[in-house]
Amino acid sequence: MRLVLILASLVLATACDAPKPDPTPDTVPEPQAANTELRDAIQAPLDKARAVEDTQAKEEAERQRTLEDAGG
């Protein structure tokens with residue numbers, strides 16, 4: 001009985017193939033945008049915050065230039 005089980009397991013093990021590698025590993029599929037409303041809802045406040053940061057940076061640079069021009 002043991003011999004039959006061992007032979008059966010060997011036959012099954014030899015029938016299994018090793019996994020085949022991806023034929024084109026250099027190409028990565030492009031992600032699909034499934035839920036654009038959710039992405040837009042998340043992205044909108046981030047874009048608004050970046051715009052505020054840019055405005056503040058420009059105003060600070062202008063203030064620094066004004067101080068330098070005034071001799072300070």
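As the structure is a prediction and not an experimental result, all values here were calculated from the model.
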Hey, can you pull the donor-acceptor pairs under 3.5 Å for the side chains in residues 51-58, sequence neighbours left out?
residue, atom, partner, partner atom, Å
Thr55, OG1, Ala51, O, 3.0

Inset, instruction - Give the minimum heavy-atom separation between Ala41 and Pro45, together with the two atoms involved. - result: O-CD, 3.2 Å
Inset, instruction - Sequence neighbours left out, what passes side chain to side chain donor-acceptor pair (under 3.5 Å) with Arg2? Give chain and number order. - result: none
Inset, instruction - With sequence neighbours excluded, tell me which residues meet side chain to side chain contact (heavy atoms under 4.5 Å, CB included) with Gln43. - result: Leu46, Asp47, Arg50
Legend entry - Any residue meeting salt bridge (charged side-chain N to carboxylate O under 4.0 Å, His left out) with Arg65, in chain and number order, not counting sequence neighbours: Glu62
Legend entry - Counterpart residues, side chain to side chain contact (heavy atoms under 4.5 Å, CB included), relative to Leu38 (two or more places apart): Asn35, Ile42
Legend entry - Which residues share a salt bridge (charged side-chain N to carboxylate O under 4.0 Å, His left out) with Glu59, sequence neighbours left out: none
